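Each remark here refers to the structure printed beneath this line.
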Amino acid sequence: HTLGVELPAAFPRISWEEAMDSYGSDKPDLRFDLRLRNFGPYVESGSFSVFADTLARGGEVKVLVAPGCGSYSRKQIAGLEELAKTCGAQGLAWAKVVSSGLEGGIAKFYEASAEQIIRGLDAKEGDLLLFVGAEKDIARAALGAVRVQLGKDLGLAAGEGNFKFAWIVDFPLFEWNRDESKWEAAHHMFSMPQEKYLASMEQNPGEVKGDMYDLVCNGCEIASGSIRIHDPEIQKRIFSIVGYSAKDAAERFGFLLEAFRYGPPPHGGIAPGFDRLVMLMCGETTIRDVIAFPKNTLGVSPMDDAPSAVEQKQLDELHLTIREDKDTGASNQESEKTPDPGRDKDKEIL
């Protein structure tokens, strides 16, 4: 009622996998329907070895059809490429759709299959094809960032009172840590696995989806929540999958497992980001413009000059010490290794 905007009674639901595959983000801006496409089926129709090698390594090649951007200069394309590189991509390949087929960039590698590619991607003369070949997560995130930038540059998301909400569901519960060669919680270890995965979690943790949900609007996450684990046996299995022995789990989370003995009911919730919602309603791009006492990028509040000096007595109570940074001369606070069961870090995340 505040803005006079009528919202639908129910918001669409999009799985996490679909959001990442189609938009390269788990908080997609749905004000414009510019989707990432899978270029894998067309790779073998040409001779671009970079894409073939990417697929051979188990990676993914994604393509984005940028409408009417065939007039983009090399400088403009280079700007989009730099954006893709900030997300881990090695580069941004491209080709322009012209009356005779494809032109420029990697077009020469796909001359024979140009018509097939254009038809399969629903591209039109004057469009620009943008490609990223990399590990799946990188390819999606990099081209997703390019998608968002094109939405801004082309004015695709413009329009006062244009709010597009969606629920993102079916989040993965685990993700593989390549550096440490082990499974870890994709978000945290206390979200309930979906019931259909309970019998086989240990066989393939990567397939397990959690009872988690986010509400997104215009490219922002404005609420997040989950159903929490309330069964001690399920919680122990989760700990085991992410590498905690029974002893480690008892030492770190014994308080939680003990609480489970008293029969907590199934429970869950959601935490809305009210400041982000107000930001969107006001047409702003940062919450600093709408919160009462905003902090700058250095974590300082210009309204009241916080943080201010802390008395030694307060530091002693919290087992903190001030240490001067050798490089900058600035003072930083860090936690001493003094045992304090009442302030266990793992308890505080709950």
Side-chain angles (χ1 to χ4, degrees), residues 1-36 64 66-68 83 140-141 144-171 186-188 190-192 210-228 266-307 349-350:
H1 294 290
T2 302
L3 299 180
V5 176
E6 191 73 27
L7 296 178
F11 301 139
R13 295 187 180 191
I14 302 174
S15 72
W16 177 88
E17 174 62 27
E18 181 186 348
M20 296 303 298
D21 186 50
S22 297
Y23 305 104
S25 171
D26 58 5
K27 47 181 184 293
D29 190 338
L30 301 175
R31 289 175 292 179
F32 54 99
D33 191 29
L34 190 60
R35 299 188 179 215
L36 315 188
L64 180 67
L83 178 59
R140 293 177 174 186
V146 171
R147 173 189 182 270
V148 171
Q149 187 60 51
L150 285 172
K152 295 176 181 177
D153 294 346
L154 301 177
L156 301 179
E160 187 176 345
N162 188 12
F163 299 98
K164 295 295 183 182
F165 290 83
W167 289 103
I168 308 299
V169 297
D170 297 336
F171 284 85
H187 298 271
H188 59 69
F190 311 103
S191 289
M192 189 73 176
D211 267 333
M212 297 179 279
Y213 35 84
D214 283 358
L215 181 62
V216 302
C217 177
N218 295 6
C220 292
E221 175 193 315
I222 61 173
S224 182
S226 70
I227 300 301
R228 293 302 177 94
H267 59 286
I270 190 166
F274 187 68
D275 46 5
R276 296 185 190 180
L277 182 58
V278 173
M279 175 192 77
L280 293 174
M281 292 173 68
C282 294
E284 303 294 345
T285 57
T286 170
I287 60 172
R288 296 191 186 94
D289 291 335
V290 299
I291 59 179
F293 297 98
K295 295 178 176 60
N296 60 25
T297 55
L298 298 177
V300 175
S301 173
M303 298 289 290
D304 51 15
D305 203 26
I349 68 172
L350 297 174

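Heavy atoms only: backbone and side chains are in, while hydrogens, waters and symmetry mates are out. Remember, it's a predicted structure, so these values are computed and weren't measured experimentally.
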Residues that Glu284 engages under salt bridge (charged side-chain N to carboxylate O under 4.0 Å, His left out), provided they are two or more places apart:
none
Which atom pair, heavy atoms only, marks the closest approach of Gly24 to Leu36?
N-CD1, 3.7 Å
Any sub-3.5 Å donor-acceptor pair from Ser25's side-chain atoms to Lys27's backbone N or O?
yes
Using the test ring-ring contact (aromatic ring centres under 6.0 Å, His included), find all partners of Phe165 that sit at least two apart in sequence or belong to another chain.
Phe11
In short, Leu30 meets Lys164 closest at the heavy-atom pair O-CG, 3.8 Å
Which residues pass the side chain to side chain donor-acceptor pair (under 3.5 Å) test with Ser224, sequence neighbours left out?
Asp214
So which heavy atom on Leu280 is nearest to which on Phe163, and how close?
O-CE2, 3.6 Å
Suppose we screen for side chain to side chain contact (heavy atoms under 4.5 Å, CB included). Which residues come up paired with Arg35, at least two apart in sequence or across chains?
Glu18, Ser22, Tyr23, Asp33
Determine, step by step, whether His187 and Ser226 satisfy the side chain to side chain contact (heavy atoms under 4.5 Å, CB included) criterion, reporting the C-alpha distance in whole Å, the side-chain angles of both residues, the deciding distance to 0.1 Å, and the verdict.
CA-CA 10 Å; His187 298 271; Ser226 70; over 6 Å; no
Asp29: partners by side chain to side chain donor-acceptor pair (under 3.5 Å), with sequence neighbours left out:
Arg31
Closest non-hydrogen atom pair between Ile270 and Ala223, with its separation
CD1-CB, 3.7 Å
Is the closest side-chain heavy-atom distance between Thr285 and Met279 below 4.5 Å?
no
Would you give the length of the straight line joining atom CG of Leu215 to atom SG of Cys220, rounded to the nearest 0.5 angstrom?
11.0 Å
Under the rule for side chain to side chain contact (heavy atoms under 4.5 Å, CB included), what residues qualify as partners of Thr286, not counting sequence neighbours?
Arg288, Asp289
Here the pair of heavy atoms bringing Gly269 nearest to Tyr213 is O-OH, 2.9 Å
Can you tell me how far apart CG (Leu83) and CZ (Arg147) are? Round to the nearest 0.5 Å.
13.0 Å
Tell me the closest heavy-atom pair linking Ala66 and Leu150, and the distance in Å.
CB-CD1, 3.8 Å
Who are the side chain to side chain contact (heavy atoms under 4.5 Å, CB included) partners of Ala19, not counting sequence neighbours?
Ile14, Pro28, Ile168
What pairs with Arg140 under salt bridge (charged side-chain N to carboxylate O under 4.0 Å, His left out), at least two apart in sequence or on another chain?
Glu17, Asp21, Glu60
Just to verify, what does Asp211 make a side chain to side chain donor-acceptor pair (under 3.5 Å) with, not counting sequence neighbours?
none
Name all residues meeting the side chain to side chain donor-acceptor pair (under 3.5 Å) criterion together with Asp275; count only those two or more places apart in sequence or in a different chain, and write none if there are none.
none
Calculate, to the nearest 0.5 Å, the distance between atoms CG and CH2 belonging to Asp26 and Trp16 respectively.
7.5 Å
Using the test side chain to side chain contact (heavy atoms under 4.5 Å, CB included), find all partners of Arg276 that sit at least two apart in sequence or belong to another chain.
Glu221, Ile222, Ile287
